[in-house]
**Student:** 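Sending over a structure as structure tokens; questions will come in a sec.
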Amino acid sequence: MLNLNKNSLIVYVTVGDPDLRTTLEVILAAIDAGTDVIELGVPFSDPLADGPVIQRASERALKNGTSLRQVIDLGSEVRRQRPNTGLIIFSYLNPILSLGVDRFCTALAAAGIDGALATDLTLEEADDYVWKMRQHGLATVFLAAPTSTEQRLKAIAKNSSGFIYAVSRLGVTGARKEMSGDAKDLVKRLRKHTRLPIAVGFGISNSEQFAAAANFADGVVVGSAIVETIERNPGREALAVGNFVRGLKRQATPIQRTAKA
């Protein structure tokens, strides 16, 4: 269920890192610690938008043979065990095309996954993908960047459903000590074009950044910091991620505001 409210936490994991069983344990621990939406990251051999932490995770997952089909199957199991959590596939376009957009949509709907974000899919090439996703009742999440023009933001809003992912800064993924001031301005600009929930991500890695972003966005995405926590805690990944998530949310302002769809 995609139901972003004020202080909603969206957690990204690279599925298959370090293995599928551990990924499931990590996801369940993150949900039980307060995560609202899980981004199921599909490992890819050429992750140009990702920094070194997620690149390493993709390499480990690919060595384990992790495929898009396995990511979807794992999402189905998460849906069975935690039926109220939002689930989004986060993938580069090539694995989706290799499976086939029709089969991809059918598989997501059957698994109970809410939608997908195809990170390198351009709006100009998205018509068929968006139409097929919506035919299956699936959310199409798109990225919006600080450099996007007003016309571009309007088009992103038109093609998006579920929520919009506002990139807090330019560059690749990765934790940062400070959050860019561009994020707040981008969310303000997006609100002129949509009533969809807006989530902010890229570089958010601690409770102070989470609380700051939650003051102006409907959701906050944490990715590289989670993946790095997994990497640094072999054998206790789920426990470490659960503790990390609880720490993130501890300082967030306890104000809830239902996001308008």
Side-chain angles (χ1 to χ4, degrees), residues 7-45 47 49-67 70-82 85-91 119 168 171-179 199-214 219-252:
N7 294 338
S8 288
L9 173 60
I10 303 169
V11 160
Y12 168 93
V13 295
T14 300
V15 176
D17 174 42
D19 55 65
L20 291 171
R21 179 179 177 179
T22 302
T23 298
L24 178 60
E25 293 172 352
V26 164
I27 289 171
L28 297 179
I31 293 169
D32 293 343
T35 297
D36 302 286
V37 177
I38 296 290
E39 288 183 345
L40 300 162
V42 179
F44 187 55
S45 58
D50 293 308
V53 171
I54 293 180
Q55 286 183 11
R56 291 195 300 270
S58 282
E59 289 172 4
R60 291 190 293 267
L62 288 172
K63 285 180 180 178
N64 292 333
T66 306
S67 67
Q70 289 177 315
V71 174
I72 295 171
D73 289 344
L74 186 138
S76 179
E77 180 61 21
V78 175
R79 172 61 69 227
R80 186 185 71 81
Q81 295 197 39
R82 299 294 186 275
T85 301
L87 297 175
I88 290 287
I89 294 288
F90 192 104
S91 179
T119 183
S168 64
V172 298
T173 60
R176 296 291 189 274
K177 293 182 179 179
E178 296 181 1
M179 189 173 64
V200 170
F202 272 51
I204 296 171
S205 60
N206 58 52
S207 58
E208 290 79 11
Q209 292 170 344
F210 175 85
V220 183
V221 185
V222 181
S224 293
I226 294 290
V227 176
E228 188 170 23
T229 298
I230 293 168
E231 183 179 50
R232 290 183 173 183
N233 291 275
R236 54 187 300 273
E237 295 92 345
L239 176 63
V241 167
N243 289 337
F244 183 84
V245 169
R246 277 185 285 272
L248 275 179
K249 300 201 79 171
R250 192 171 294 131
Q251 295 187 25

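As a basis for the values below, the full set of heavy atoms in this structure was taken, side chains included, without hydrogen atoms, waters or symmetry mates.
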**Student:** Taking the side chain as every heavy atom from C-beta outward, state whether Asp36 and Lys249 have any pair of such atoms under 4.5 Å apart.
**Tutor:**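 The answer is yes; the side chains approach within 4.5 Å.
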**Student:** Nearest 0.5 Å please: distance from the CD1 atom of Ile27 over to the OG1 atom of Thr85.
**Tutor:**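 Rounded to the nearest 0.5 Å, the CD1-OG1 separation comes out at 10.0 Å.
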**Student:** Taking side-chain contact (heavy atoms from CB on, under 4.5 Å) as the criterion, tell me which of Val42, Val71, Leu74, Asp17 meets it with Thr66.
**Tutor:**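 Only match with Thr66 under side-chain contact (heavy atoms from CB on, under 4.5 Å): Val71.
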**Student:** Check the pair Ile31 / Val78 against side chain to side chain contact (heavy atoms under 4.5 Å, CB included), numbers first and verdict last.
**Tutor:** CA-CA 10 Å; Ile31 293 169; Val78 175; 3.9 Å; yes
**Student:** Run the side chain to side chain contact (heavy atoms under 4.5 Å, CB included) check on Ile226 and Tyr12 step by step: do they pass?
**Tutor:** CA-CA 7 Å; Ile226 294 290; Tyr12 168 93; over 6 Å; no
**Student:** Out of curiosity, Leu40 CG to Thr14 OG1, how far, rounded to the nearest 0.5 Å?
**Tutor:**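 It is 10.5 Å, given to the nearest 0.5 Å.
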**Student:** Within a strict 4.5 Å, meaning less than it, do heavy atoms of the Glu231 and Glu237 side chains meet?
**Tutor:**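 A side-chain contact under 4.5 Å is absent here.
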**Student:** Between Ala214 and Asn7, what is the shortest heavy-atom contact and its length?
**Tutor:**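 That closest heavy-atom pairing would be CB-OD1, 3.0 Å.
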**Student:** Is there a side-chain contact between Phe202 and Val221 in this structure, where contact means two heavy atoms from C-beta onward sitting under 4.5 Å apart?
**Tutor:**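 Side-chain contact under 4.5 Å: no.
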**Student:** Between Asn233 (side chain) and Ala240 (backbone), is there a donor-acceptor pair under 3.5 Å?
**Tutor:**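 Between the backbone of Ala240 and the side chain of Asn233 there is no qualifying donor-acceptor contact (under 3.5 Å).
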**Student:** Do Glu59 and Gln55 pair up side chain to side chain, a donor and an acceptor below 3.5 Å, judged on atom types alone?
**Tutor:**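 There is no such pair between these side chains.
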**Student:** From Glu228 CD over to Ile54 CD1, what is the distance, rounded to the nearest 0.5 angstrom?
**Tutor:**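 So the gap between those two atoms works out to 10.5 Å.
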**Student:** Which of these passes side-chain contact (heavy atoms from CB on, under 4.5 Å) with Val220: Ile204, Ile10, Val200, Val11?
**Tutor:**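 So, applying the side-chain contact (heavy atoms from CB on, under 4.5 Å) to Val220 and each of Ile204, Ile10, Val200, Val11, only Ile204 qualifies.
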**Student:** If we check side-chain contact (heavy atoms from CB on, under 4.5 Å) with Arg82, which of these qualifies: Ile38, Leu87, Asp32, Thr35?
**Tutor:**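 The side-chain contact (heavy atoms from CB on, under 4.5 Å) with Arg82 is passed solely by Asp32 among Ile38, Leu87, Asp32, Thr35.
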**Student:** Find out whether Arg56 and Val227 are in side-chain contact, i.e. whether some heavy atom of one side chain is under 4.5 Å from a heavy atom of the other.
**Tutor:**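 A side-chain contact under 4.5 Å is absent here.
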**Student:** Could you tell me whether a side-chain N or O of Gln209 sits under 3.5 Å from a main-chain N or O of Ser205, the two making a donor and an acceptor?
**Tutor:**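 Here the side-chain-to-backbone pair exists.
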**Student:** Side chain to side chain contact (heavy atoms under 4.5 Å, CB included), that's the test. Do Ile230 and Val241 meet it? Break it down for me.
**Tutor:** CA-CA 7 Å; Ile230 293 168; Val241 167; 3.7 Å; yes
**Student:** Check Leu248 against Phe210 and note the closest heavy-atom contact, atom names and distance.
**Tutor:**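 Nearest heavy atoms, Leu248 then Phe210: O-CD2, 3.6 Å.
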**Student:** Please evaluate residues Glu39 and Val13 with respect to the criterion side chain to side chain contact (heavy atoms under 4.5 Å, CB included), reporting the C-alpha separation (whole Å), side-chain torsions for both, the decisive distance (0.1 Å), and the verdict.
**Tutor:** CA-CA 6 Å; Glu39 288 183 345; Val13 295; over 6 Å; no
**Student:** Could you tell me which non-hydrogen atom of Ala33 sits nearest to which non-hydrogen atom of Gly242, and how far apart they are?
**Tutor:**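 Answer, listing the atom of Ala33 first, then Gly242: CB-O, 3.4 Å.
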**Student:** Check whether Thr23 reaches the backbone of Gly16 with its side chain - one donor and one acceptor, N or O, closer than 3.5 Å.
**Tutor:**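 Between the backbone of Gly16 and the side chain of Thr23 there is a qualifying donor-acceptor contact (under 3.5 Å).
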**Student:** Answer yes or no: is there a side-chain heavy-atom contact under 4.5 Å between Gln70 and Ser67?
**Tutor:**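 Yes, at least one pair of side-chain atoms sits under 4.5 Å.
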**Student:** Is it the case that the side chains of Asp19 and Thr22 hold a donor-acceptor pair, with the cut-off being a distance below 3.5 Å and no angle test?
**Tutor:**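 Short answer, yes.
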